[in-house]
Amino acid sequence: MTEIHVIRKENRHLYEHLFDLYHRLRYDIYVRQRRWMALDRPDGREIDQFDTDDAVYLLALEGTRIVGGMRAIPTTCPTLLSEIFPQLNLRSPIHRPDVYELSRILVVPERRGEQAGPGLATMLQAAIIEYGLSVGLTGFTIVLETWWLPRFEEQGWRAKPLGLPMDIDGMSTVAVYVSCDEETWDDMVQRKGIAGPMLHWLNLSSVPRVDISLSCRPTLQVF
Ligand code: COA
Ligand code: U4Y
């Protein structure tokens with residue numbers, strides 16, 4: 001049985017034993033398989049400058065085995081979009097406590113392309129909407145390869161481009177904004193046959209909701 005766990009600095013100590021495996025899995029997938037050589041490190045672990053205390057991880061676990069994952073970074077901190085790919089954003093930079101940047105979605109090869117049920121990648125995407133709704137996020141920015149876009153359409157994610165697609169490492173890549181709202185959740189749940197909330201929040205009962213009042217900056221120009 002697959003469980004999707006929320007891991008943040010407040011409960012990370014409960015998962016410390018998994019994090020070495022998680023970073024080795026990322027190395028296998030992103031460096032060895034996808035050949036994203038910018039992420040190569042001599043220690044065989046894929047860890048970048050955005051794996052900080054502020055990162056939130058969703059890990060899909062089967063017992064102690066990691067079968068999938070995703071990372072979310074607050075846009076109030078440096079992000080892939082702000083630091084590595086600012087050329088993908090034609091709008092004012094987004095720095096809001098209620099908007100996170102998603103990255104590093106992965107599913108282990110044996111669990112990809114599942115036909116029965118929604119599939120693990122879709123479950124992780126629904127799980128991040130559930131997370132966002134639970135803590136008061138209103139949206140996500142994502143730097144992604146453009147092949148995701150038809151997939152988002154089919155899943156009920158309405159992605160709005162923040163700029164033009166560009167070639168990065170031989171792949172057409174674009175920055176998008178995806179709203180995190182009840183409508184997206186409802187749509188996704190219906191379309192993909194998701195049973196309902198699925199997240200495991202070990203030791204996170206007192207995690208505060210983000211303060212949205214802090215986020216209404218006049219510079220914001222998301223549509
Ligand atoms: N390039 C182009 N299209 C891709 C792709 C890639 N690297 N990876 C997946 N797709 C598209 C294809 O249309 C694919 O269908 P096909 O295999 O018939 O061509 C479809 O997505 C389904 O992919 P699959 O890998 O079977 O399914 P999944 O939905 O279970 O998992 C991922 C999708 C991306 C989570 C999984 O492929 C993965 O973990 N990949 C490695 C990590 C990664 O590249 N993550 C995305 C960037 S962070
Ligand atoms: C980094 C330098 O796929 N370069 C970096 C760093 C991939 C390119 O980014 C480079 C990553 C999916 C990497 C490669 O050339 C989102 C998604 N995002 C990519 C990611 O890394 O997760 C980033 C951009 S494209 O070498 N690169 N990191 N320094 N630190 C997405 C997420 C959630 C989902 C759906 C899809 O819901």
Side-chain angles (χ1 to χ4, degrees), residues 2 4 22-41 45-52 55-60 66-73 75 77-89 99-132 137 139-163 165-180 184-185 188 191-192 194:
T2 311
I4 301 183
Y22 170 59
H23 288 294
R24 286 173 186 275
L25 176 64
R26 276 176 38 181
Y27 189 90
D28 255 352
I29 290 182
Y30 293 111
V31 182
R32 293 208 177 95
Q33 294 167 24
R34 297 250 21 218
R35 309 297 297 165
W36 288 357
M37 299 316 288
L39 309 183
D40 193 12
R41 293 176 18 132
R45 292 163 180 83
E46 194 275 285
I47 303 175
D48 73 3
Q49 62 273 55
F50 309 111
D51 289 300
T52 66
V56 176
Y57 300 90
L58 299 185
L59 287 189
I66 303 170
V67 290
M70 189 190 293
R71 178 177 76 173
I73 309 290
T75 60
C77 296
T79 59
L80 275 160
L81 184 57
S82 71
E83 308 303 303
I84 315 285
F85 303 117
Q87 69 276 23
L88 293 178
N89 187 13
V99 177
Y100 272 51
E101 181 189 78
L102 304 183
S103 56
R104 301 297 204 276
I105 187 170
L106 67 86
V107 169
V108 294
E110 316 84 87
R111 296 292 310 276
R112 291 182 195 163
E114 283 180 340
Q115 301 303 317
L120 195 42
T122 300
M123 293 294 280
L124 283 162
Q125 289 178 258
I128 199 68
I129 300 282
E130 180 190 340
Y131 175 79
L137 304 186
F140 300 108
T141 57
I142 321 176
V143 176
L144 42 60
E145 295 163 342
T146 50
W147 56 262
W148 279 101
L149 298 179
R151 202 174 150 131
F152 281 7
E153 279 301 311
E154 183 248 331
Q155 289 168 324
W157 278 32
R158 286 167 292 277
K160 310 238 167 122
L162 297 172
M166 291 185 188
D167 183 294
I168 292 169
D169 249 358
M171 296 294 283
S172 170
T173 305
V174 69
V176 299
Y177 175 85
V178 174
S179 174
C180 177
T184 305
W185 167 259
M188 200 174 186
R191 285 174 188 236
K192 305 310 288 183
I194 289 161

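Counting starts at 1 for both ligands and their atoms, in listed order.
In this structure, the separation between CZ on Arg24 and CZ on Arg32 is 9.0 Å, given to the nearest 0.5 Å. For the atom pair CH2 of Trp148 and CD of Glu153, the computed distance is 14.5 Å after rounding to the nearest 0.5 Å.
Each of Ile29, Tyr30, Arg34, Trp36, Arg104, Ile105, Leu106, Val107, Arg112, Gly113, Ala121, Trp147, Trp148, Arg151, Met171 has a non-hydrogen atom positioned under 4.0 Å from some atom of ligand 1. Within 4.0 Å of ligand 2, protein heavy atoms belong to Trp36, Ala38, Leu39, Asp48, Gln49, Phe50, Met70, Leu80, Ile84, Phe85, Leu102, Ser103, Arg104, Ile105, Gln125, Ile142, Val143, Leu144, Trp148, Phe152, Trp157, Ile168, Asp169, listed by chain and number.
Residues meeting the salt bridge (Lys or Arg N to Asp or Glu O under 4.0 Å) test with Asp40, sequence neighbours left out: none. Partners of Trp185 by ring-ring contact (aromatic ring centres under 6.0 Å, His included), not counting sequence neighbours: none found.
Using cut-offs of 30° and 60° for the angle between ring planes, the Phe140 and Trp157 rings count as parallel.
Using a 4.5 Å heavy-atom threshold, the side chains of Leu149 and Val174 count as touching.
Looking at Thr122 and Gln155, their side chains do bring a donor and an acceptor atom within 3.5 Å of each other.
Taking the ring axis of Phe152 as reference, the NZ or CZ atom of Arg158 does not stay both within 45° of it and closer than 6.0 Å to the ring centre.
Closest approach of Tyr22 and Leu106 over heavy atoms only: CE1-CD2, 4.5 Å.
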